[in-house]
Structures are given as C-alpha cells and as structure tokens.
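Read through the structure below, which is laid out as structure tokens, and then see the notes.
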2 protein chains.
Amino acid sequence: MLSELLLTEISRLNAQAKLPLHRQLYEALRRAILDGKLEPQERLPSSRDLVQDLQMSRNTVVAALNQLTVEGYLVSRVGSGTFVSTKVPQRALQSIRLASHPAQQLSVRGRALSTRFCASELEIQPFTPGIADFSAFPVALWQRLQNKHWRMTYPEMLDYSSSGGYAPLRRAVADYLRVFRSVPLDVDQIIITSGTQESLELCSQLLANQGDTVWLEDPAYWGAGKAFMATGLNLHPVRVDDQGIAPQPHDQTTPPRLIYVTPSHQYPTGAVMSLARRHQILSLANQHQAWVLEDDYDSEFRFSGPPISSLAGLDTQGRVLYLGSFSKVLYPGLKLAYMVVPKGLADAFKRAHYDLNRPGQMPVQAALAEFIDMGHFAAALRRARQSYAQRRQSLLAALQPCLGPRAQITGAEQGLHLCLRLSDDVDDRALAQRIGKLGLTVRPLSAYCLQRQDMRGLIIGYGYAPLAEIKRFGAVLAQTLQQVLNALPPG
Amino acid sequence: MLSELLLTEISRLNAQAKLPLHRQLYEALRRAILDGKLEPQERLPSSRDLVQDLQMSRNTVVAALNQLTVEGYLVSRVGSGTFVSTKVPQRALQSIRLASHPAQQLSVRGRALSTRFCASELEIQPFTPGIADFSAFPVALWQRLQNKHWRMTYPEMLDYSSSGGYAPLRRAVADYLRVFRSVPLDVDQIIITSGTQESLELCSQLLANQGDTVWLEDPAYWGAGKAFMATGLNLHPVRVDDQGIAPQPHDQTTPPRLIYVTPSHQYPTGAVMSLARRHQILSLANQHQAWVLEDDYDSEFRFSGPPISSLAGLDTQGRVLYLGSFSKVLYPGLKLAYMVVPKGLADAFKRAHYDLNRPGQMPVQAALAEFIDMGHFAAALRRARQSYAQRRQSLLAALQPCLGPRAQITGAEQGLHLCLRLSDDVDDRALAQRIGKLGLTVRPLSAYCLQRQDMRGLIIGYGYAPLAEIKRFGAVLAQTLQQVLNALPPG
C-alpha cells in the first residue's frame with residue numbers, strides 16, 4: 001500500500017524532472033506525511049521491507065529516511081523502528097498545495113505604491129510619453145564593445161563596486177557634465193546608479209528622515225513621487241507656472257527637507273525654469289537647509305539654443321544633487337544612471353549605496369565608458385536630437401489647425417513630449433480615453449496633478465514613433481481634438 | 001579689457017574640451033557675470049565691437065548674447081544696447097566654484113545607513129565571509145550566450161520589463177525551485193529583481209507601513225537590517241539558538257508585520273532551522289497576519305544531505321515570500337535575483353516593481369535563462385559545491401588543533417563561511433583586528449549581534465580563496481587563535 005503510493009508519487013515527480021532516486025523517495029514520503037496519508041505515530045515498514053517493496057538500493061532508502069529524520073518528519077526509536085513524528089503540526093497535514101489566500105493584503109503604503117498611475121502606462125504606441133526610440137541604438141557596435149571588455153575582464157570586474165562605479169565611466173560623465181551642463185565637479189562626486197529611481201531613493205534615504213517633507217512640482221513626474229512615498233516622505237506639491245516651480249509664501253509653512261525639480265524642462269508642462277526662479281530655489285534651499293534634487297532628465301534633447309545652465313552649476317553652497325540617466329540616449333533596460341553629489345557627502349553616499357544596493361554591472365559600465373570616450377555617445381545624441389526635432393515639428397504641424405485660445409502648446413522646444421494645454425471646460429481624461437479608443441496613447445495633464453485641479457491638457461510623446469507614423473497618426477489626433485473642441489459651448 | 005578677460009576664460013575652457021565657439025563665449029560671459037567681473041546694469045560693448053575685439057563671427061557673438069538674454073543674465077534695451085541684468089542675485093555674484101560645505105549633513109536615517117557595519121567590509125582576502133569564487137565563472141561561454149541573445153535582440157528587449165522579468169528565465173527559476181527546494185509555485189509568482197536588497201526593500205515597502213515591526217534574527221545579516229531601516233521599519237531582534245530564530249513569549253509583545261529569516265543556514269551562525277521551529281514561525285505568521293521573508297541565500301551549497309525543504313514549501317496559507325539570488329553561483333555584479341510571492345500579491349508586486357525600480361537587463365536575463373536551460377547552471381553549481389566542500393574541509397582541518405570547549409564550530413555543513421564560536425572571555429573584535437594585521441580578514445561574531453551581548457566568535461569565509469591558500473593561511477589563522485586561547489586565564 002505505502003510502496004504503491006510512494007511509487008505513484010515518485011513517477012509523478014519523475015515526470016517533472018530527473019531527481020536522484022533518494023531525493024524522489026524523500027519527497028514522496030514527505031508529501032505522504034504532509035497530506036496525512038501517513039499519520040503521526042504511524043510506524044513505517046522497516047528499511048529492509050522498503051528496499052524490497054520499492055526495488056531500490058538500501059543506500060537510497062536509508063538516505064531518504066535519514067534526511068526525513070534530520071528534518072523531524074520521522075522519529076527513529078532504537079529497537080522498535082521508525083515512526084511519523086507527532087511534532088508535524090496538524091495544520092501542515094492539510095494539502096501542501098497553495099490554497100486561495102483570503103488574508104492577503106498589502107500595507108497602506110503598498111496599496112499606494114502598487115496602484116498604477118495611468119492605466120495606459122505600459123502601452124507603447126506612437127504618442128506614449130516618456131518613451132525614446134531605442135530601435136536606432138547601434139546594437140552591433142554595443143555588442144563589440146561589450147565583447148572587448150568581457151574578453152579583458154578580470155575577476156574583480158564581476159564583483160560589486162564600492163567606489164561609486166567604474167572609474168573611466170565616472171570620468172567620462174564628469175567631462176560631459178562639465179562641458180555641456182556647466183556643472184562644476186570633481187570626478188569623486190559622481191556616483192553611477194542603476195537608474196534615476198535608485199538615485200532618488202538614495203537621496204531620500206540619506207538626506208531625509210521618515211516624515212520629512214519633500215517639495216515636488218505640481219503637476220509632477222509621478223515616478224519621483226512614488227520613490228518619495230516608498231521612502232516615507234511627506235509629499236508637499238508646489239504649483240508650477242510658466243517659469244517652473246513657483247513656491248508661494250504659504251508653502252513656507254511646510255518647510256522642505258528636499259526640493260525635487262526638473263528645471264530644464266519641467267515634467268510634464270515643459271516650462272523652463274527662469275534664472276530668477278533658479279536663484280529663488282537655491283536661496284530657499286539655503287534658508288531651510290534643504291537639498292535640491294535636480295532631475296535633468298531630458299536636457300540632452302534641447303532643439304533650440306544651447307542647454308540652459310543647470311542649478312548645480314549655479315549652486316555655490318553645495319546644496320544641489322544633480323541626477324541624469326543614460327536610458328533616453330542609449331536604451332532603458334541598460335539600467336545605468338548617475339548623480340553628482342556635493343563633495344562632503346560623496347563618501348557617505350558611496351558607502352550607503354554599496355550597503356543598500358550592491359552596485360555591479362562593471363563590464364557594461366566599461367563598455368559604456370568606451371562608448372562615450374570614442375564619441376559614439378555624442379554621435380548617437382546628435383542623431384537622436386535631429387530625429388526628435390523633426391518628429392516634434394511634424395507633430396506640431398499636424399496639431400496646428402487645432403491651436404487657438406482653447407488649445408496651446410506650452411513649454412520649451414525640448415525633450416520627447418509636448419504639452420498641449422486645453423481650456424478648463426475640456427474633460428482631458430475623457431478626451432484621452434476617446435483617443436485611446438483609436439489605438440493612440442496620450443495622457444491627460446490633469447492626471448499628473450497632485451493637488452491642483454486647474455490644469456487640463458494632453459501630454460503627447462513623439463519619441464517613440466518614426467516620422468511617417470507621427471504624420472499619419474498626428475492627423476488622426478488633430479481630427480479628434482478638433483471635434484471635441486468644436487463641440488464645446490462657445491465661451 | 002572685457003575681450004581680454006573673455007579670451008583668457010575661453011582659452012581656459014578650451015583646454016578642457018572642444019566646445020563650439022559660441023558656447024565658449026557664452027560660458028566666459030556667464031562666468032564674468034557670476035564672478036562679478038561684469039556688474040549688474042553694466043553696459044556690454046556692442047555686438048559689432050565684440051566681433052572685432054574677439055575676432056569671432058557675428059553669428060557666434062549673437063548666439064552667445066541671445067542665449068544669455070534668454071536665460072536672464074543680460075537685458076537688451078532697444079536703441080540703447082545690452083546690459084547685465086539687475087536680477088542676477090547678489091549671492092550668485094560670488095565665485096561659482098564650490099566652496100567647502102559647512103552645512104552638509106545627512107539625516108539621522110542617512111547617518112545610520114552610511115555607517116559601514118565592518119570597516120573591513122570590502123577587503124577581499126582569503127577568509128572574507130560572503131564572497132564566492134567567481135574566478136571560475138565560465139566567462140567565454142557566458143559571452144557566447146550573451147552575444148547570441150544580443151544578435152537576436154528586438155527593440156522591446158532593450159526596454160524595461162513590466163511582467164516580472166523575462167518569461168523563460170522565470171520558467172527556469174520556477175522549475176529549479178520546484179525540484180530542488182520543494183517550493184510549490186506557479187511561474188506567475190516569480191519576480192526577477194536586481195538583487196536580494198531590492199527584493200527586501202520591495203517586500204518592506206509593499207507589505208509594511210513605516211513604523212511597522214520586522215522581526216529579524218539576532219545575530220543577523222546586516223544587509224537586510226539596512227534595507228529595513230531604509231524603508232522605515234522598526235527592527236525587533238529575536239535571538240537565534242541552534243535551531244534558528246527562537247521567538248520567546250516576550251517577543252510577542254512586539255508583534256511583527258514581517259519576519260525575516262535565513263532558515264536553511266542562519267546567517268551568520270549556520271544554524272539550520274528545525275522542522276518544529278519552521279512550523280512555529282508559520283504559525284506565528286498566521287497568528288499575527290505577518291509575512292515571512294525566507295532568504296535562502298546559500299541553500300545551493302549544502303555539502304551533506306539533500307537541502308532541507310523550504311518554509312515556502314511548508315506554507316499552506318500563502319504567508320511566505322521566498323528570496324534567492326544568482327550572485328553566489330554566477331557572479332555578484334550580474335545583479336539578478338528572484339523572489340516568489342504569494343499568488344494573490346503577484347500583480348501588485350509587479351506593478352510596484354515597475355514603478356519603483358523600472359527593471360530591465362532583458363538580454364542578460366535571456367542569456368541566463370539559456371545558461372540554466374542548457375544545464376550550465378547545474379554544472380557550475382556541482383563544480384562550486386565540490387570545490388567549496390573541499391575548502392571547508394581544508395579550513396576545518398587547519399582549525400582542528402584549536403577546537404575544544406572554548407572554540408567550537410557551529411552550524412550546518414553548508415555555504416561559504418563557517419562560524420567558530422568562542423567562549424565568553426574572548427574579545428572577538430580584538431582578535432579579528434589582530435588577525436587583520438596579518439593581512440587576513442575575518443569578522444567578529446559579536447559585530448553581527450543587534451541587541452544580545454553574549455556571543456563571541458569568528459565568521460570565517462572559505463568561498464573566495466583557492467584550496468592552497470586556505471591551507472596556507474588556515475595554518476596562520478590557527479596559530480594566532482591558539483596563542484590567544486592559550487593566553488586566556490584557565491576557566
């Protein structure tokens with residue numbers, strides 16, 4: 001009886017995978033015990049009988065029984081044999097299969113963090129914002145560089161890095177930032193991270209305590225909001241105007257520990273922070289002994305005029321942490337980004353980064369350093385900038401007939417999306433849904449708003465689709481928009 | 001005068017990098033303004049004069065002036081010329097160079113997180129615990145597999161992943177866990193993360209609120225402690241005995257939301273959690289509606305007997321989250337790990353993981369899936385297991401003469417380190433320092449203790465060094481140990 005049961009179970013196990021025989025027997029016996037087919041205190045056949053019934057070697061049978069005894073499923077009594085333990089709790093005698101899980105629930109924080117901000121978040125379609133066109137990424141070249149560094153790899157390159165990243169990559173990033181973003185810095189201040197989300201969490205964890213306040217733009221990049229929520233901060237939305245974040249006297253009653261901004265191209269409105277506003281933010285940071293997190297997420301894609309100098313470049317007090325990423329110029333899955341931290345914080349950041357995140361990927365970092373040093377990064381950037389500028393133009397041309405007092409393009413000629421502001425009587429969520437039904441993903445501006453209720457519009461990406469699609473679908477978009485605008489009561 | 005100053009600045013800039021000329025002029029003018037060399041309301045020479053003085057083209061000069069005007073450094077008054085803005089705040093007129101940063105300080109949380117647990121943390125030496133020997137990793141094979149997947153890569157493979165990871169990798173992990181760890185699971189429950197640290201932070205963020213209590217082992221793996229601190233949990237240490245974590249009645253007065261355990265090889269004592277204790281933990285989790293985080297960090301390296309079945313395998317209520325990593329069998333810098341979450345939580349975890357971490361690295365995940373499917377993972381594991389077993393034997397042999405009532409090896413024959421318990425009158429920190437002076441890194445057991453004061457010993461790794469070094473330095477270690485033990489007063 002028992003042997004039959006065990007052999008059945010074993011043949012079932014065997015269908016799954018080639019386990020050693022003693023392991024199969026162990027598993028079959030264990031299941032028989034847990035399923036209640038063998039009851040507590042029940043005596044097992046002698047190992048000799050099992051050998052005969054199961055047609056297995058004595059070693060196999062003994063190994064299985066020993067393991068079950070070590071684990072406490074079986075108890076061996078000298079002279080009287082082997083018994084199922086009484087210590088196998090009754091609960092465990094139920095099926096080992098996972099039942100439904102009625103008690104399962106996330107924490108309050110968990111529910112907030114796992115609620116997706118836009119249902120359409122992940123649908124990559126011609127106009128989905130925030131998506132770059134990485135189909136143009138030079139895969140063959142990248143593979144060649146990776147191979148070169150894998151061939152040269154010494155064991156330490158396979159380990160974690162505790163120094164803030166691969167030194168030549170940090171040097172290359174420092175050179176780039178000094179020249180193109182006017183960030184005065186020493187290479188020691190650069191820390192390579194696995195993405196801006198990691199950079200933001202690190203900043204929050206190291207510079208703020210739970211319950212401390214972070215000022216963030218309203219409307220905002222919601223990924224940053226999630227990082228701050230995840231690390232226990234109090235989110236205080238500060239309204240954005242056409243010069244970027246615009247702190248008012250009443251905001252000062254909730255003093256910040258961190259101020260998170262996207263000054264070169266506010267996400268999502270596209271506003272460029274004015275010089276006066278930049279100095280105001282730095283001054284507020286000093287006044288409150290707060291830190292400014294400058295997310296320069298798409299400054300590479302500025303289409304008219306040279307990039308505007310960064311907050312980090314204006315900062316004389318070492319209160320700005322500058323964040324950038326390679327994901328928009330190379331490809332998102334690369335998982336490499338960087339931050340520039342003030343000199344006095346660099347060592348603490350590197351230690352905590354190591355302890356919390358165990359940064360690695362050194363051969364990829366080496367390939368990226370060479371990619372930059374050889375000029376491929378600059379070339380990719382030039383190509384991408386030109387291509388995105390054309391796409392933007394094409395999208396603007398398509399939208400042109402809709403523009404008027406009730407529909408205006410805001411923001412700088414930069415980045416991978418544009419912000420179409422609509423008048424207050426447009427239901428932008430309904431409009432985005434209507435456009436969604438045409439197979440096009442655009443985002444309602446109001447969905448990015450944290451507290452304010454006064455912004456209507458559409459965020460339309462042009463980074464992903466080729467020019468021809470932008471033209472074709474831009475016309476569809478414009479037509480729908482026109483219909484909605486025409487149907488509005490005159491005002 | 002001005003042109004001389006500008007040309008000097010330009011030549012300085014030029015030494016750093018090849019900027020376009022208009023950008024150099026922009027930068028030189030900007031610095032002159034910020035440094036106070038050009039004062040507010042000061043009138044600039046006409047663009048025609050600048051063209052002549054600087055010997056630059058008119059386009060270049062105009063481009064630089066326009067950009068500075070756009071940014072608010074300059075003001076242009078029709079008919080009367082271009083002036084330095086009065087809105088450049090006085091503070092900014094100080095040097096742009098970074099001064100020393102007297103005000104810089106981390107938050108209380110940041111100070112705790114950036115304090116390195118052991119000063120010797122990063123010195124890789126023969127006996128440093130927690131380090132695997134990745135010099136044996138088959139780099140050429142790995143490179144071949146990566147190349148294959150890079151050649152086949154389609155654009156979506158370069159993007160983030162929102163589905164919990166590359167499906168064939170999740171399937172491979174599911175097969176492995178079902179067979180070798182008796183974890184009953186559906187492939188949908190597997191989530192690929194960038195490391196156990198990320199897994200732990202996610203669990204804490206999604207399942208606990210700030211201020212909730214996590215029970216963790218005392219002594220403990222400190223990396224987990226840091227992840228819980230970083231995510232705002234209250235750490236409640238629970239003493240470990242020779243059957244693993246041993247919750248006492250008084251612990252119940254601080255009820256857990258999470259219980260973090262290393263049941264198959266407690267870190268660092270090496271205790272194997274008994275079956276009775278496993279059921280106690282599951283029962284406590286149910287009683288408190290808490291979640292068990294089972295970190296099975298080195299279950300692959302069990303040298304005697306088959307691995308003991310996991311908590312996840314015993315769990316009938318869906319209260320266990322199982323965490324594993326590829327870093328010890330492959331290499332740490334790979335940055336790929338996995339967790340198994342209860343069915344009812346899988347979707348929420350995937351959404352939050354995407355929003356918080358933007359997981360990527362799909363070509364590497366594809367290479368790893370094939371590495372496993374082709375049997376290379378199992379082969380690497382076999383080789384490593386054999387090699388580590390030999391090293392462990394060799395280290396044990398070297399230490400044999402020191403063993404006695406005051407020095408005992410504890411824990412299972414598993415993993416990459418052993419725990420040498422020493423009697424209470426040994427100052428294990430001083431001993432570890434003394435050994436450190438010989439160029440060998442071992443860790444004092446007391447340094448892993450969170451609250452308890454009663455544990456002395458050494459944690460000695462054997463994962464990193466080849467057999468010959470283990471033998472050679474094992475003798476040195478034993479000699480020092482013997483000297484210290486001999487010098488103790490008889491007791």
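Please read these numbers as outputs of a predicted model, since none were measured by experiment. Chain naming here is simple, since letters A, B, ... match the order of the sequence lines and numbering starts at 1 in each.
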So, do [X] and [Y] sit near enough that their side-chain heavy atoms are less than 4.5 Å apart?
X: Arg358(A); Y: Thr196(B); value: no
X: Ser107(B); Y: Asn209(A); value: yes
X: Lys335(B); Y: Ser194(A); value: no
X: Met157(B); Y: Val139(A); value: no
X: Gln361(B); Y: Gln361(A); value: yes

Heavy-atom pairs under 4.5 Å with chain A are the metric here; pick the option from Gly110(B), Gly211(B), Gly333(B) that has the most.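 Heavy-atom pairs under 4.5 Å are most numerous for Gly333(B).
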
Value rounded to 0.5 Å, distance of [atom1] in [X] from [atom2] in [Y]:
X: Glu27(A); Y: Arg178(B); atom1: CD; atom2: CZ; value: 13.0 Å
X: Tyr464(B); Y: Asp159(A); atom1: OH; atom2: CG; value: 8.0 Å
X: Leu275(B); Y: Leu74(A); atom1: CG; atom2: CG; value: 10.0 Å
X: Leu356(A); Y: Leu200(B); atom1: CG; atom2: CG; value: 11.0 Å

Given that the side chain runs from C-beta out, which part of [X] has a heavy atom under 4.5 Å from chain A: side chain, backbone, both or neither?
X: Ala227(B); result: backbone
X: Met273(B); result: neither
X: Ser327(B); result: side chain
X: Leu336(B); result: neither
X: Arg278(B); result: neither
X: Glu198(B); result: neither

Test side-chain contact (heavy atoms from CB on, under 4.5 Å) applied to Arg109(B) and Thr231(A), Leu207(A), Asp212(A), Leu206(A), the passing residue: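 Testing Arg109(B) for a side-chain contact (heavy atoms from CB on, under 4.5 Å) against Thr231(A), Leu207(A), Asp212(A), Leu206(A) leaves exactly one candidate, Thr231(A).
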
Strictly by modelled atom types, are Asn147(A) and Gln143(B) linked by a side-chain donor-acceptor pair under 3.5 Å? yes

Which atom of [X] lies closest to which atom of [Y], heavy atoms considered:
X: Pro332(A); Y: Leu158(B); value: CD-O, 3.3 Å
X: Ala348(B); Y: Ser114(A); value: O-CB, 3.3 Å
X: Asp355(B); Y: Gln197(A); value: O-NE2, 3.3 Å

For the candidates Glu201(A), Met362(A), Met229(A), which exhibits the highest count of non-hydrogen atom pairs separated by less than 4.5 Å from chain B? Glu201(A)

Could you go through the side-chain contact (heavy atoms from CB on, under 4.5 Å) check for Leu314(A) and Arg30(B) one step at a time? CA-CA 10 Å; Leu314(A) 294 171; Arg30(B) 187 173 151 271; 3.8 Å; yes

Carefully, step by step, assess Gln205(B) and Lys226(A) under the rule side-chain contact (heavy atoms from CB on, under 4.5 Å). CA-CA 11 Å; Gln205(B) 288 165 339; Lys226(A) 290 226 163 163; over 6 Å; no

Can the ring centres of Tyr331(B) and Trp150(A) be said to be less than 6.0 Å apart?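 For Tyr331(B) and Trp150(A), the ring centres are under 6.0 Å apart.
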
